[in-house]
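See structure below.
Along the sequence shown, the residues carry numbers beginning at 1. Just the heavy atoms: all of them, side chains too, but no hydrogens, waters or symmetry mates, feed the values below. Worth saying up front: this structure is predicted, and the values here are computed from it rather than measured.
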Amino acid sequence: MSAETRPGTRIRAGLAGAPVEVDLVVVGLGVTGVGVALDAVTRGLSVLAVDAHDLAFGTSRWSSKMVHGGLRYLAQGQVGVAHESAVERGVLMQTTAPHLTRAMPMLIPITSGTAPLQRLLSRSGLAAGDLLRRGARTSAETLPRPRRLSRTETLAMAPGLRPAGLVGGLLGWDGQLEDDARLVTTIARTAASYGAHVRTRARVLRASGTEVSLRDETTGATTTVRARAVVNAAGVWGGDLADEVTLRPSRGTHLVLRGDRLPGLRTSVFAPVPGSTNRFVMVLPQPDGTIYVGLTDEPAPGPVPDVPQPTEPEIGFLLDVVAATFATPLRRDDVVGAYAGLRPLLDVTAPDGSEGSGQTADLSRRHAVLTGRSGMVTVVGGKLTTYRRMAQDAVDAAVAAGGLVAGPCTTATLPLLGAAPRPVLDALEEPARLVRRFGTDAALVLATAREVAARAGEPLADEELLAPAAAQVPVTLAELVFAVTHEGAHDVDDLLDRRTRVGLVASDRALAEPLAERALALVGRAMSS
């Protein structure tokens with residue numbers, strides 16, 4: 001398996017061998033940036049996509065891992081954003097990535113203390129959400145219709161709810177990702193499979209509409225890449241490259257709990273925030289046995305950190321809201337992990353020039369594509385679910401700015417690597433975890449690990465390649481090896497914090513580190529053989 005023939009060669013750290021002249025340079029390897037790379041390369045353009053850190057290093061790994069249908073935006077009167085979200089959710093779940101998505105039941109408990117207005121708004125919201133689903137032509141097989149639940153049905157789906165005063169519930173459906181960073185990685189792999197060069201540890205020093213100065217963070221060497229167009233998809237750091245863009249980042253915080261803190265939970269639960277008619281804290285069970293609780297929406301002024309940190313007041317707020325809905329008291333030490341992400345919201349002003357309410361929760365989630373004085377195209381705002389449409393609009397603008405000859409956008413009908421219809425996925429015989437994370441590529445993951453181990457002089461049985469790192473850490477050696485060979489993972493941090501999400505829980509990360517180091521060593525020996 002030489003470096004020249006290895007499928008993951010086009011995703012790698014540093015700039016060695018990278019092209020110095022391309023049609024399009026993409027800055028940022030979050031979901032929007034890799035989406036731009038995929039859109040552009042499938043239109044026939046030559047593409048170099050770079051990031052100072054890694055795939056999904058920024059906001060794209062700090063989401064709720066949901067594929068939103070836009071219900072929240074509909075409640076805020078953002079009808080266009082809501083429809084676009086519903087359409088893109090359908091594309092993701094039915095065409096682009098059915099292997100990485102699933103239908104997520106969401107339960108809104110109704111108690112004797114629930115105000116009539118809130119009951120009405122909740123019922124109306126779910127009904128409107130179903131209209132969005134139908135308008136987006138998403139089948140009821142993909143996302144079932146909402147319905148009312150009796151008290152008994154409600155407790156069967158969420159046995160930890162506070163039973164006193166509970167009268168029933170409302171059940172709706174939305175989309176859920178296996179993992180947001182896994183989506184980013186799969187889009188990047190797909191872009192690379194069509195010929196895009198995807199480089200991590202490549203920091204942009206200066207950029208214009210036709211030229212990008214880069215520093216290889218693995219060697220310190222600098223280089224200049226000439227391009228006919230440049231897209232700035234750097235998210236919350238986008239304003240550092242484009243003076244014309246002013247962002248007002250919003251911080252969203254999530255908590256990570258062990259599944260046994262709310263045993264038997266079979267559905268996500270939307271716990272109402274006291275005193276609000278349309279705000280909820282989400283309690284989201286995950287396939288790996290953890291539970292995410294989120295999220296906040298707080299202004300985050302000041303310099304943008306590489307890794308945002310949750311605040312104790314936000315953690316306390318989330319715990320307090322959940323405690324009002326569930327019978328099990330949650331304490332601070334039940335929080336085994338917490339993470340925060342910054343949303344790159346475009347600064348807007350009211351018609352009179354004022355800043356409006358000043359609340360980032362009130363800012364539009366509609367994305368914007370701006371062409372600066374130098375010709376560089378910047379794409380900001382939006383949300384994970386709508387990455388594909390954001391990428392399409394950004395490439396359209398780049399083609400116009402650079403006078404490029406490109407084909408039409410095809411990403412709405414282009415499955416990502418590993419994608420297949422759900423009946424095909426259900427029939428796969430590979431381990432369920434690999435199928436959830438790689439789809440039809442699950443067999444490739446295992447075959448690659450076998451080959452690497454053999455070439456490294458350490459042939460391993462499938463049982464060892466597929467054994468979990470620890471009882472509560474389901475990550476396997478096979479997927480870590482594949483992350484190095486095919487997904488550009490460069491070190492332990494890449495493996496545990498982005499290719500997998502073990503790093504969300506510090507104690508789990510410590511247990512998995514030896515396995516990650518073993519994967520890197522195996523690949524190193526195999527490549528030198």
Using modelled atom types and a 3.5 Å cut-off, is there a donor and acceptor pairing between side-chain atoms of [X] and backbone atoms of [Y]?
X      : Y      : value
Arg189 : Leu417 : no
Thr411 : Asp39  : no
Ser529 : Ala526 : yes
Thr476 : Pro468 : no
Thr267 : Pro105 : yes
Thr385 : Ser85  : no
Asp216 : Ala221 : no
Asp54  : Asp494 : no
Thr59  : Leu342 : yes
Gln472 : Gly289 : no

Glu84/Met390 under side chain to side chain contact (heavy atoms under 4.5 Å, CB included): CA gap, chis, key distance, verdict: CA-CA 10 Å; Glu84 181 176 84; Met390 295 170 65; 5.8 Å; no
On a heavy-atom basis, which atom in [X] and which in [Y] lie closest, and how many Å separate them?
X      : Y      : value
Gly239 : Leu247 : N-CD1, 4.2 Å
Phe270 : Ser268 : CE1-OG, 3.9 Å
Gly220 : Arg215 : O-CG, 3.8 Å
Gly17  : Arg199 : C-NH2, 3.7 Å
Ala181 : Arg61  : CB-CB, 4.2 Å
Ala419 : Thr95  : CB-O, 4.2 Å

May I ask you to test the [X]-[Y] pair for a side-chain heavy-atom distance under 4.5 Å?
X      : Y      : value
Val335 : Leu257 : yes
Thr185 : Arg499 : yes
Leu55  : Val198 : yes
Val322 : Val281 : yes
Thr296 : Leu318 : yes
Thr500 : Leu496 : yes
Leu444 : His486 : yes
His254 : Ser64  : yes

Tell me, with the steps shown, if Thr290 and Val336 meet side chain to side chain contact (heavy atoms under 4.5 Å, CB included). CA-CA 10 Å; Thr290 58; Val336 295; 5.8 Å; no
Could you work out, with side chain to side chain donor-acceptor pair (under 3.5 Å) as the rule, every residue matching [X], not counting sequence neighbours?
X      : result
Thr142 : Gln94, Ser139
Asp462 : Arg450
Thr222 : none

Distance check, rounded to the nearest 0.5 Å: [X] atom [atom1] versus [Y] atom [atom2]?
X      : Y      : atom1 : atom2 : answer
Leu515 : Leu495 : CG    : CG    : 9.5 Å
Leu384 : Trp62  : CG    : CH2   : 14.0 Å
Leu284 : Met66  : CG    : CE    : 6.0 Å
Thr328 : Asp334 : OG1   : CG    : 9.5 Å
Leu15  : Arg203 : CG    : CZ    : 12.0 Å
Tyr387 : Leu38  : OH    : CG    : 7.0 Å

Charged N to carboxylate O under 4.0 angstrom, [X] versus [Y]?
X      : Y      : value
Arg436 : Asp288 : no
Asp508 : Arg258 : yes
Arg518 : Glu458 : yes
Glu312 : Arg332 : yes
Arg89  : Asp174 : yes

Between Arg422 and Thr101, does any side-chain donor sit less than 3.5 Å from a side-chain acceptor? yes
Taking it one step at a time, do Val452 and Val484 satisfy side chain to side chain contact (heavy atoms under 4.5 Å, CB included)? CA-CA 11 Å; Val452 166; Val484 181; over 6 Å; no
Test of understanding: with ring-ring contact (aromatic ring centres under 6.0 Å, His included), list the residues that count as partners of His53, not counting sequence neighbours. Phe57
Sort and list the pairs that fulfil ring-ring contact (aromatic ring centres under 6.0 Å, His included) and have at least one residue in residues 287-307, not counting sequence neighbours. Tyr292-Tyr339
Could you check Val475 against Arg433 for side chain to side chain contact (heavy atoms under 4.5 Å, CB included), going step by step and ending with a plain yes or no? CA-CA 9 Å; Val475 64; Arg433 176 177 170 84; 4.0 Å; yes
Quick one: list whatever passes side-chain contact (heavy atoms from CB on, under 4.5 Å) with Asp493, sequence neighbours left out. Asp491, Asp497, Arg498, Arg509
Tested for side chain to side chain donor-acceptor pair (under 3.5 Å) against Glu178, the lone hit among Arg501, Arg437, Lys65, Gln286 is Arg437
Decide yes or no on side chain to side chain donor-acceptor pair (under 3.5 Å) for Asp297 and Ser250, but give the supporting numbers first. CA-CA 6 Å; Asp297 197 338; Ser250 163; 2.4 Å; yes
Just checking Phe280: does its CZ atom have more than 12 heavy atoms from other residues, nucleotides or ligands closer to it than 6.0 angstrom? yes
